[in-house]
Amino acid sequence: MHSCLNYIDGHWLAPASGETMESRNPAHWRELVATFPRSGDIDIEMAVTAARRAYRTWRRVPAPERAEFLYRFGELLRDRKAELAYLMSQEMGKPLTEANGDVQEGIDCAFYYAGEGRRLFGQTTNSEMDNKFAMTVRMPIGVCGLITPWNFPVAVPCWKAMPALVCGNTLVLKPSEDTPAVTHLLFQVFHDAGFPPGVVNLVHGLGEEAGKALVEHRDVNLISLTGSSQTGAEVAAICAKQHKRVCLELGGKNAQVVMEDADLELALEGALWGAFGTSGQRCTATSRLLLHRDIKDKFTEMLVDRTQKLRLGPGTDPNTEIGPIVNATQLNTIEEYIEVAHQEGAKVLIGGNRTTAGTLTGGFFFEPTILDGVMPHMRVAREEIFGPVVALMEISSFEEAIAILNDTSYGLSSSVYTRDVNRAFQAMRDIEAGITYINGPTIGAEVHLPFGGVKQTGNGHREAGTAALDVFTEWKTVYVDFSGRLQRAQIDNRGPVT
Ligand SMILES: NC(=O)C1=CN([C@@H]2O[C@H](COP(=O)(O)OP(=O)(O)OC[C@H]3O[C@@H](n4cnc5c(N)ncnc54)[C@H](OP(=O)(O)O)[C@@H]3O)[C@@H](O)[C@H]2O)C=CC1
Ligand SMILES: O=C(O)CCC(=O)C(=O)O
């Protein structure tokens, strides 16, 4: 059992309230994994004050030197990969292979953004005037509040923290209440990497308490949140009142299209892991499968057959393919959506129930579920379920597939399986989503490319890749006049050199 603490100004601290909460194993609910602080305004105040103080010096540390901390962090994370992955499986349920992948994303992210320490390119351009240089430089934003979910408890904090730090910001992280132990261990790695006190701070607690206090704090310059649409809307409203920069990543209703000319075996593997990997608890999960009528029956049969062979179990069991659902609330939500599907007239081809069979007793397990006869207007075709549930929809043409795929308020990930190169490029052009895969599943983002979506998936920002640098920096335009006189065009604002 782990006793988690806040990490503020380089010290491990209990919360001001003295209250703690519990984190339990979703595969064996009786098993206590950790206790963690129930923090509030006072803890957030301390963390933000420490981050503000540290910012004064951290912003002046040369970026290549800041990068050295990230390299060290990446190396230490690699050393502790197995330990972190096991704890992740235990605390939020994802199978070990996936948990290892989650930690690996954090490592990749650390090395990738460490490299940025020697780039962080600005621009130089010509001035309108003689004897004058013009350039742009990236400046840090200040104190960043990072609010993260439970489904990628190492990768997502690293996606946010690594670019924030290399750009010269300091940070306060409020992790999900479902993954405090993993986050505590992640911050031990930050501590061991030797970041100066106050540069990285961790405050555990509830979203409505510690999370809200962080968002509302006047000395926090930026909020980056990954979570639900509802939380995103609440957070954005508070930030708007304070003119605070906010970067939101809020999920999706992602579709995979399988055309009649597709390699069906390949499309099957994509659909299976896109829909049921991480028990469907990914913002990029495949929740709609748009199947061409010529292959629908055959593909459905193949999918049902493969789905019923999936091995459910605790994430920590190396034989497990599908782990538990993260918590009871999430399990209830999934169950409610199955009820909605029944009411709307969809047909459950396989799954549709909680399961406690055999070793699954005492855990939050839900059977991988395939819904057929789903129509575009149904709630199960429109709302994010965040569980192992996929809706099958029939399409008659490529144009119809794109129209249905786009008929959603979200726009994160998308996928098309076809052998027709023209259709592939058409898909790339016409799909309204931040990410499009051709002949690959809707999951599997890489850290050096932008991640995020259009419409209600976010608010126009991207994580990962060089795009994240635009979130965590402001542009400063610098003019250097070495003419030694006031040039006329400067005051006339008329441009050409006189
Ligand atoms: N885009 C994605 O990857 C994710 C999407 N989701 C979607 O959200 C649904 C619910 O999951 P859930 O974990 O409850 O998601 P939330 O949006 O509630 O949680 C995400 C993070 O925000 C925090 N939070 C919650 N409310 C506030 C608030 N008012 N102010 C500041 N921070 C807040 C949470 O804290 P706390 O830990 O206390 O809840 C958590 O750290 C899922 O079913 C799924 O649809 C969820 C996770 C990831
Ligand atoms: O699978 C992916 O592409 C990344 C998913 C992810 O980061 C998420 O669901 O939050």
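For the single chain, residues carry numbers from 1 onward in sequence order. Atoms within each ligand, like the ligands themselves, are counted from 1 in listed order.
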- Task: Begin from the C-alpha positions of Trp159 and Glu105 and carry the test side-chain hydrogen bond (donor to acceptor under 3.5 Å, both in side chains) through to its verdict.
- Result: CA-CA 8 Å; Trp159 282 14; Glu105 267 196 55; 2.9 Å; yes

- Taking all heavy atoms of Ile438 and all of Ala424, pick out the closest pair and write down the distance. CD1-O, 3.6 Å

- Message: Show the nearest heavy-atom pair for residues Ser39 and Asn6, with the distance to one decimal.
- Response: OG-ND2, 2.9 Å

- Flag this pair as yes if the NZ/CZ of Lys94 is under 6.0 angstrom from the six-membered ring centre of Phe152 and inside a 45 degree cone about the axis; otherwise no. yes

- Which residues pass the side-chain hydrogen bond (donor to acceptor under 3.5 Å, both in side chains) test with Gln330, sequence neighbours left out? none

- Query: Do Asp9 and Arg53 sit within salt-bridge range, that is, some charged N less than 4.0 Å from a carboxylate O?
  - Reply: yes

- Query: Using 4.0 Å as the upper bound for N to carboxylate O, is an ion pair formed by Glu344 and Arg379?
  - Reply: no

Using atom types as modelled, flag every donor-acceptor pair under 3.5 Å from a side chain in residues 10-19 to any protein atom, sequence neighbours excluded.
{"unit_1": "Ser17", "atom_1": "OG", "unit_2": "Glu19", "atom_2": "N", "d": "3.0"}
{"unit_1": "Ser17", "atom_1": "OG", "unit_2": "Arg38", "atom_2": "O", "d": "2.9"}

At less than 3.5 Å, what protein N or O atoms come close to the N or O atoms of ligand 2? Include the distances to 0.1 Å.
{"unit_1": "ligand 2", "atom_1": "1 (O)", "unit_2": "Arg282", "atom_2": "NH1", "d": "2.5"}
{"unit_1": "ligand 2", "atom_1": "1 (O)", "unit_2": "Thr284", "atom_2": "OG1", "d": "3.1"}
{"unit_1": "ligand 2", "atom_1": "1 (O)", "unit_2": "Gly444", "atom_2": "N", "d": "3.2"}
{"unit_1": "ligand 2", "atom_1": "3 (O)", "unit_2": "Gly444", "atom_2": "N", "d": "2.9"}
{"unit_1": "ligand 2", "atom_1": "3 (O)", "unit_2": "Ala445", "atom_2": "N", "d": "2.7"}
{"unit_1": "ligand 2", "atom_1": "9 (O)", "unit_2": "Cys283", "atom_2": "N", "d": "2.7"}

- Sort out the contact shell of ligand 1: every protein residue with a heavy-atom distance below 4.0 Å, listed by chain and number. Ile147, Thr148, Pro149, Trp150, Asn151, Lys174, Pro175, Ser176, Glu177, Gly205, Leu206, Gly207, Gly211, Lys212, Leu225, Thr226, Gly227, Ser228, Thr231, Glu234, Val235, Glu249, Leu250, Gly251, Cys283, Gln330, Glu384, Phe386

- Task: Verify the neighbour count for atom CD of Glu446: are there more than 12 heavy atoms of other residues, nucleotides or ligands below 6.0 Å?
- Result: no

